[in-house]
Amino acid sequence: MQGKLIVFEGVEGAGKTTQMQRIQARLQGLIDTPIVITREPGGTLLGQELRRLLLEYQGEEPIQNRAELLMYAADRAQHVQGFLKPLLYQGNIVLCDRYTDSTVAYQGYGRGLDLSLIDQLNQIATQGLESDLTLWLDVDVEMGLARTRTRGKMDRMEQANLEFHQRVQQGFKQLAQTHPDRIIPINGMLNLDVVTETIQSILIEKLTAWGFII
């Protein structure tokens with residue numbers, strides 16, 4: 001597979017979307033290879049419907065934790081097969097807002113679901129496709145949530161209690177410690193421009209090693 005999958009992870013309000021957009025604009029001027037932005041959930045047409053259900057659902061019947069997990073897995077299966085793999089086979093660089101680590105952190109550590117079950121579902125949904133690099137934007141949970149409140153209406157995940165988000169953060173910390181070869185922590189508490197410069201420096205080094213920058 002010629003392309004590269006670069007994932008941005010973090011708790012709510014970590015700044016993933018902002019940094020992805022800034023990095024895409026900066027890097028696209030340095031290389032000829034197309035740089036594509038996508039997200040989970042919601043990277044496909046089907047995924048957009050699943051995202052609406054997962055984040056905006058307000059029905060009287062609560063979404064059960066296992067149902068939530070399976071909906072995220074369905075979104076990922078559609079995304080990998082119908083979007084990510086075709087682009088990667090064509091040699092594109094893909095920047096993805098959330099991937100498998102989010103499921104481990106949110107549904108595993110946050111919801112308390114079995115980690116081995118989540119690993120099995122991730123394997124099924126991804127067909128073994130892992131990120132080539134994951135950038136974890138590490139921010140204080142309460143500061144991240146404060147950022148989300150400034151955006152207006154909070155989605156279903158953002159509305160969860162502080163203890164949930166603290167468990168999610170612990171999940172990301174554990175993942176970063178377990179997979180240091182794949183996950184690079186970034187201090188997301190720093191100035192916006194400083195964070196962008198840090199990410200850009202890391203990606204230029206990686207893209208050079210991968211042969212995209214000569």
Side-chain angles (χ1 to χ4, degrees), residues 1-10 14-51 54 71-107 118-138 172 175-176 178-186 188 195-214:
M1 190 173 293
Q2 297 177 345
K4 295 296 180 181
L5 175 59
I6 301 168
V7 176
F8 287 65
E9 291 282 13
K16 298 180 284 59
T17 304
T18 299
Q19 291 298 337
M20 283 176 57
Q21 293 170 345
R22 300 183 104 202
I23 288 298
Q24 182 195 38
R26 291 193 180 199
L27 293 182
Q28 196 61 85
L30 299 176
I31 62 177
D32 295 328
T33 305
I35 301 175
V36 182
I37 283 181
T38 187
R39 67 181 181 179
E40 289 193 357
T44 63
L45 291 175
L46 175 62
Q48 290 173 20
E49 292 300 310
L50 289 167
R51 182 183 181 88
L54 283 162
M71 290 167 71
Y72 276 109
D75 167 81
R76 181 161 299 130
Q78 183 77 3
H79 194 213
V80 168
Q81 186 67 31
F83 188 86
L84 293 180
K85 281 195 169 183
L87 282 174
L88 293 170
Y89 278 124
Q90 292 166 15
N92 297 279
I93 294 170
V94 180
L95 307 182
C96 188
D97 186 340
R98 299 199 182 284
Y99 195 52
T100 53
D101 293 322
S102 273
T103 307
V104 175
Y106 278 79
Q107 280 68 53
I118 292 173
D119 182 62
Q120 286 180 302
L121 285 174
N122 275 337
Q123 287 296 320
I124 292 169
T126 64
Q127 301 173 63
L129 176 66
E130 294 186 349
S131 69
D132 294 286
L133 175 68
T134 297
L135 300 170
W136 169 42
L137 295 177
D138 182 12
F172 281 123
L175 283 163
T178 305
H179 304 284
D181 54 328
R182 177 175 63 83
I183 301 175
I184 298 180
I186 306 290
V195 175
T196 303
E197 292 291 341
T198 301
I199 294 172
Q200 180 176 332
S201 177
I202 292 169
L203 291 185
I204 286 177
E205 181 180 344
K206 288 290 185 179
L207 291 170
T208 299
W210 291 332
F212 288 94
I213 298 176
I214 299 175

Could you report the tightest heavy-atom contact between [X] and [Y], atom names first, then the distance?
{"X": "Gly42", "Y": "Asp75", "answer": "N-OD1, 3.0 Å"}
{"X": "Phe172", "Y": "Ser102", "answer": "CZ-OG, 3.9 Å"}
{"X": "Pro86", "Y": "Gln81", "answer": "CD-O, 3.5 Å"}
{"X": "Ala125", "Y": "Ala73", "answer": "CB-O, 3.6 Å"}
{"X": "Leu5", "Y": "Glu130", "answer": "CD2-O, 4.1 Å"}
{"X": "Thr33", "Y": "Gln28", "answer": "O-NE2, 2.9 Å"}

Answer yes or no: is there a side-chain heavy-atom contact under 4.5 Å between [X] and [Y]?
{"X": "Ile93", "Y": "Ile31", "answer": "yes"}
{"X": "Asp101", "Y": "Val7", "answer": "no"}
{"X": "Tyr99", "Y": "Leu129", "answer": "yes"}
{"X": "Arg51", "Y": "Arg39", "answer": "yes"}
{"X": "Arg76", "Y": "Thr100", "answer": "yes"}
{"X": "Leu137", "Y": "Leu135", "answer": "no"}
{"X": "Lys4", "Y": "Lys206", "answer": "no"}

Rounded distance (nearest 0.5 Å) linking atom [atom1] of [X] with atom [atom2] of [Y]:
{"X": "Met20", "Y": "Leu95", "atom1": "CE", "atom2": "CG", "answer": "5.0 Å"}
{"X": "His79", "Y": "Leu46", "atom1": "NE2", "atom2": "CG", "answer": "11.5 Å"}
{"X": "Thr178", "Y": "Ile183", "atom1": "OG1", "atom2": "CD1", "answer": "8.0 Å"}
{"X": "Thr103", "Y": "Asp119", "atom1": "OG1", "atom2": "CG", "answer": "11.0 Å"}
{"X": "Leu50", "Y": "Met71", "atom1": "CG", "atom2": "CE", "answer": "5.5 Å"}
{"X": "Ile186", "Y": "Trp136", "atom1": "CD1", "atom2": "CH2", "answer": "10.5 Å"}

Could you work out, with salt bridge (charged side-chain N to carboxylate O under 4.0 Å, His left out) as the rule, every residue matching Arg98, not counting sequence neighbours?
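Listed in chain order: Glu9, Glu12.
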>> Tell me if a side-chain donor or acceptor on Asp132 pairs with a main-chain N or O of Ile6 at a distance below 3.5 Å.
In response: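 Such a contact is absent between Asp132 side chain and Ile6 backbone.
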query: Side chain of Asn92, backbone of Leu87: donor and acceptor closer than 3.5 Å?
result: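 Yes, because the side chain of Asn92 sits within donor-acceptor range (under 3.5 Å) of the backbone of Leu87.
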### Message
If the condition is side chain to side chain contact (heavy atoms under 4.5 Å, CB included), which residues does Leu27 pass it with, not counting sequence neighbours?
### Response
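Side chain to side chain contact (heavy atoms under 4.5 Å, CB included) list for Leu27, sorted by chain: Ile23, Leu30, Ile35, Gln200, Leu203, Ile204, Leu207.
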Exercise. Verify side chain to side chain contact (heavy atoms under 4.5 Å, CB included) between Glu40 and Tyr72, making sure each step is shown before the conclusion.
Key: CA-CA 8 Å; Glu40 289 193 357; Tyr72 276 109; over 6 Å; no
message: I'd like to know whether Thr126 forms a side chain to side chain contact (heavy atoms under 4.5 Å, CB included) with Leu84, so could you lay out the CA-CA distance, the side-chain angles of the two residues, the decisive distance to 0.1 Å, and finally the verdict.
response: CA-CA 10 Å; Thr126 64; Leu84 293 180; over 6 Å; no
The residue among Gln21, Gln19, Arg26 that forms side chain to side chain donor-acceptor pair (under 3.5 Å) with Thr196 is Gln19
Practice item. Go through the steps to decide whether Thr38 and Phe83 satisfy the test side chain to side chain contact (heavy atoms under 4.5 Å, CB included), and finish with yes or no. Key: CA-CA 9 Å; Thr38 187; Phe83 188 86; 3.6 Å; yes
For Arg22, is there an ion pair with Glu197 - N to carboxylate O distance below 4.0 angstrom?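 Between Arg22 and Glu197 there is no salt bridge, as every charged N stays at least 4.0 Å from the carboxylate O atoms.
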